[in-house]
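Report on the following structure.
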Amino acid sequence: TVSGLSGAFVSDADSPANGVNALTFSVKSGNTRTSFVARGRRDAGGEIVFLEIITNKRLDREEQAHYHLVVETTDSRHVSTCHVYISVTDINDNPPVFEASGYKVTIPEDIPPGTSIA
């Protein structure tokens, strides 16, 4: 389940006037097991205006609950970075498990009701 911010608006004030109208994105750090990809979404005019962070594989909260990504964008001349903090919410994907397949308990017949036996 994904909630909250899944991307960010990006602008390049001098593009395409500077002759460069292509922004590129990369996750520079914090991308444990290459779990995420950064890419730009284009508007109707073909300009990249939105950074998307996309999961690259299945996430598991029991393996890693938080990510701190440093995302970089460049117009081939200038570089800008952004910090993205991700919290993975848990889903009920693990069944309950007993430590043993069976237990044997011996109790006297005269124990009072409500007595804990295991």
Side-chain angles (χ1 to χ4, degrees):
T1 303
V2 178
S3 61
L5 180 67
S6 59
F9 288 99
V10 180
S11 65
D12 185 358
D14 58 359
S15 178
N18 65 0
V20 178
N21 62 358
L23 298 176
T24 59
F25 299 91
S26 61
V27 181
K28 299 309 274 186
S29 67
N31 199 6
T32 308
R33 295 180 297 278
T34 59
S35 299
F36 302 95
V37 174
R39 70 179 184 194
R41 186 189 310 163
R42 297 180 184 276
D43 66 8
E47 291 291 314
I48 294 176
V49 295
F50 195 76
L51 161 68
E52 291 182 307
I53 304 293
I54 300 161
T55 56
N56 198 34
K57 57 180 60 175
R58 188 181 187 297
L59 303 178
D60 189 342
R61 186 180 185 283
E62 285 79 19
E63 290 179 15
Q64 187 164 350
H66 302 282
Y67 295 84
H68 171 196
L69 306 180
V70 177
V71 179
E72 181 179 278
T73 185
T74 181
D75 64 2
S76 77
R77 182 173 176 182
H78 298 96
V79 176
S80 181
T81 59
C82 172
H83 294 260
V84 179
Y85 300 91
I86 299 170
S87 294
V88 180
T89 57
D90 198 15
I91 61 169
N92 190 2
D93 59 345
N94 296 303
V97 178
F98 283 103
E99 290 180 9
S101 61
Y103 295 89
K104 184 177 181 180
V105 179
T106 304
I107 58 171
E109 64 182 58
D110 62 346
I111 62 169
T115 302
S116 178
I117 59 168

Can you list the residues that meet the side chain to side chain contact (heavy atoms under 4.5 Å, CB included) rule with [X], with sequence neighbours excluded?
X: H83; result: H68, V70, Y85
X: E72; result: S26, K28, V79, T81
X: V84; result: L69, V71, C82, I86
X: E62; result: D60, D90, D93, N94

**Approximate separation, where rounding is to 0.5 Å, of L23 CG and T73 OG1** =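 Answer rounded to 0.5 Å: 4.5 Å.
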
**Item:** 4.5 Å side-chain heavy-atom contact, V88 and Y67
**Value:**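 Yes, close enough: below the 4.5 Å cut-off.
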
**Request:** State, with a plain yes or no, whether a side-chain heavy atom of F36 is found less than 4.5 Å away from one of L59.
**Result:**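 Contact flag for F36/L59 side chains = yes.
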
**Message:** Testing the basics here: between N31 and S35, what is the closest heavy-atom pair and its distance to 0.1 Å?
**Reply:**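 Nearest heavy atoms, N31 then S35: OD1-N, 3.0 Å.
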
**Request:** Taking all non-hydrogen atoms of both residues into account, name the closest pair between Q64 and R33 and its distance.
**Result:**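 Smallest heavy-atom distance, with atoms named: OE1-NH2, 3.7 Å.
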
**Message:** Using a 3.5 Å distance criterion without hydrogens, assess whether the side chain of S87 forms a donor-acceptor pair with backbone atoms of H66.
**Reply:**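 A pair under 3.5 Å: no.
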
**Request:** Inspect the surroundings of OH in Y103 and state if more than 12 heavy atoms from other residues, nucleotides or ligands are less than 6.0 Å away.
**Result:**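 Counting neighbours around OH of Y103, more than 12 heavy atoms of other residues, nucleotides or ligands fall under 6.0 Å, so yes.
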
**Request:** Name all residues meeting the side-chain hydrogen bond (donor to acceptor under 3.5 Å, both in side chains) criterion together with S116; count only those two or more places apart in sequence or in a different chain, and write none if there are none.
**Result:**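 Applying side-chain hydrogen bond (donor to acceptor under 3.5 Å, both in side chains) to S116 gives none.
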
**Asked** Hey, what else clusters with V105 if you join Ile, Leu, Val, Met, Phe, Trp, Tyr whenever side-chain heavy atoms sit under 4.5 Å?
**Response**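 Noted: V105 shares its cluster with I107, I111, I117.
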
